[in-house]
Amino acid sequence: MTSAPSLDEMHALYCLALGRVAALGPEGCAERVGPWLCIDAGLGISKFNVGAVVDSVTRPRSALREAMDWFEARGINARLDLRGSADGAILAAAMVEGFNFWGREPAMVLHPLPRELRPPPPELTMVEVRTDAEIDLYCATDREEFGDQDFQMAMAARAAEIPGVSMHLALLDGRPVARSMGIVSGTLAGVYNVYVAPSERGRGFGKALTSAAVAAGVAVGATAACLESTELAFPLYESLGFRRVDDYIVVGTEDPVGGR
């Protein structure tokens, strides 16, 4: 049996996945800033402007100021995704600087992988997204709840540029009702963007789309899977065998620093 992925390996894949929000807008970018990966999505939306620690930190307040200066220079709000296991000193410094607690996202791992993954409900048609028409359907999955399909198209196009990405779609009577994304690095499969249309929730579709992303990883040699959950989705992933190994503490400033 292969060993379980380390927290560092899981965090590295998480930071790779964050790249899918970089440059969604014309002024966006991702940069290494001291010990940080700093991302400006170019949308002027705080939750997509993310800083994550990628190197060791010896002077937490100085390191935090590096990230804050980068975001302030770009005239945007800052969000920091900080690991509970490794970034406690940075978190404390952020609280002193007036950052606000936004939430906690459990980091979860599935290892060893089950011999047989959960089959999808028989009423679903499962599609691995490849064509432009399938990308359109993938992006339309959340139309019931959100109206910004241009944003979803930009996200999908950006994600497709990341090595090891697969996108998965579930159709019900020809309608897109659920989706997910997998990103594989080495032998670790990350599960992202799991979404089920509100009118179809509670029918096992989220489990099916999570399993589809894991299965895509297994097909190319993955021996473990990981994801970052919301507290609401935690029971779903736990029922599939994922276990909590860490938390991302999400903090941010409430108002835009500049005018964008």
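Bear in mind the structure is a predicted one, so any value in this text is a computation, not a measurement.
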Over all heavy atoms of both residues, which pair between A189 and G217 is shortest? Give the atoms and the distance, please. CB-CA, 4.0 Å
With side chains defined as the heavy atoms from C-beta onward, is the minimum distance between N49 and I39 less than 4.5 Å? no
Is there a donor-acceptor contact under 3.5 Å from the side chain of E200 to the main chain of A197? no
State, yes or no, whether a side-chain contact exists between M95 and N100 at a heavy-atom distance under 4.5 Å. no
Roughly how far, to the nearest 0.5 Å, is CD1 of I45 from CG of D40? 11.0 Å
Hey, could you give me each pair passing ring pair (Phe, Tyr, Trp, His ring centres under 6.0 Å) that has a residue in residues 138-195? Not counting sequence neighbours. F48-F151
Gap separating the CD atom of E123 from the CZ atom of R203, nearest 0.5 angstrom: 5.0 Å
When you look at CD of E116, are more than 12 heavy atoms from neighbouring residues, nucleotides or ligands closer to it than 6.0 Å? no
On a heavy-atom basis, the closest approach of L113 and A224 is CD1-N, 3.7 Å
Closest heavy-atom pair, P5 versus V109, reported as atoms and distance to 0.1 Å, is CG-CG2, 3.5 Å
OG/S185 to CD1/I162 distance, rounded to the nearest 0.5 angstrom? 11.0 Å
Is R20 salt-bridged to E161, cutoff N-O under 4.0 Å? no
Is there a side-chain contact between N77 and F71 in this structure, where contact means two heavy atoms from C-beta onward sitting under 4.5 Å apart? no
Within 6.0 Å of CZ in R59, more than 12 heavy atoms from elsewhere: no
Applying side-chain contact (heavy atoms from CB on, under 4.5 Å), run through T187 and T2 and close with a yes or a no. CA-CA 10 Å; T187 58; T2 59; over 6 Å; no
Taking the cut-offs as 6.0 angstrom to the six-membered ring centre and 45 degrees off its axis, would you call R104 and Y248 a cation-pi pair? no
Intermediate values then yes/no, salt bridge (charged side-chain N to carboxylate O under 4.0 Å, His left out), R83 and D247: CA-CA 6 Å; R83 295 163 291 175; D247 290 282; over 6 Å; no
For R74, is there an ion pair with E27 - N to carboxylate O distance below 4.0 angstrom? no
Please determine whether side-chain contact (heavy atoms from CB on, under 4.5 Å) holds for the pair R143 and R175, giving the CA-CA distance in whole Å, both sets of side-chain angles, and the decisive distance to 0.1 Å. CA-CA 11 Å; R143 186 174 290 162; R175 296 181 294 109; over 6 Å; no
Heavy-atom donor-acceptor pair, R118 side chain to L240 backbone, under 3.5 Å: no
Given the options V54, D81, V50, V53, C15 meets side chain to side chain contact (heavy atoms under 4.5 Å, CB included) only with V54
Taking C-beta and beyond as the side chain, do V250 and F101 meet within less than 4.5 Å on heavy atoms? no
Do E134 and M167 have side-chain heavy atoms sitting under 4.5 Å apart? no
Is there a side-chain contact (heavy atoms from CB on, under 4.5 Å) between S166 and M181? Walk through the geometry before answering. CA-CA 6 Å; S166 61; M181 180 183 298; over 6 Å; no
Pairing of E238 and R244 as salt bridge, 4.0 angstrom limit: no
Residues R201 and E144 bridged, charged N to O under 4.0 Å: no
Should C226 and L110 count as side-chain neighbours, where that means a heavy-atom distance under 4.5 Å? no
Do T141 and V177 have side chains that approach each other closer than 4.5 Å (heavy atoms only, starting at C-beta)? no
Does the side-chain contact (heavy atoms from CB on, under 4.5 Å) test come out yes or no for L37 and E31, once each step is laid out? CA-CA 6 Å; L37 171 66; E31 277 188 45; over 6 Å; no
Consider only side-chain heavy atoms of I, L, V, M, F, W and Y, link residues closer than 4.5 Å, and tell whether V245 and M108 are in one cluster. no
Can you get from I135 to V165 by hopping between Ile, Leu, Val, Met, Phe, Trp and Tyr side chains that sit under 4.5 Å apart? yes
Looking just at side-chain N and O atoms, do D246 and S85 make a donor-acceptor pair shorter than 3.5 Å? yes
At their closest point, which heavy atom of G34 faces which heavy atom of D55, and how far apart are they? O-OD2, 4.3 Å
Side-chain donor or acceptor of W102 paired with backbone N/O of L80 under 3.5 Å: no
Do L24 and R158 have side chains that approach each other closer than 4.5 Å (heavy atoms only, starting at C-beta)? yes
Roughly how far apart are L16 CG and H11 NE2, rounded to 0.5 Å? 11.5 Å
Tell me if a side-chain donor or acceptor on E9 pairs with a main-chain N or O of S6 at a distance below 3.5 Å. yes
Measuring from atom CG of N193 to atom CG of L209, what distance do you get when rounded to the nearest 0.5 angstrom? 9.5 Å
State, to 0.1 Å, how close V194 and G206 come at their nearest heavy-atom pair, and which atoms those are. CG1-O, 4.1 Å
Closest approach of T210 and F242, non-hydrogen atoms and distance? CG2-CE1, 4.0 Å
Quick check on D132: does its CG atom have over 12 non-hydrogen neighbours (other residues, nucleotides or ligands) under 6.0 Å away? no
d(L169 CG, L124 CG) to nearest 0.5 Å is 10.0 Å
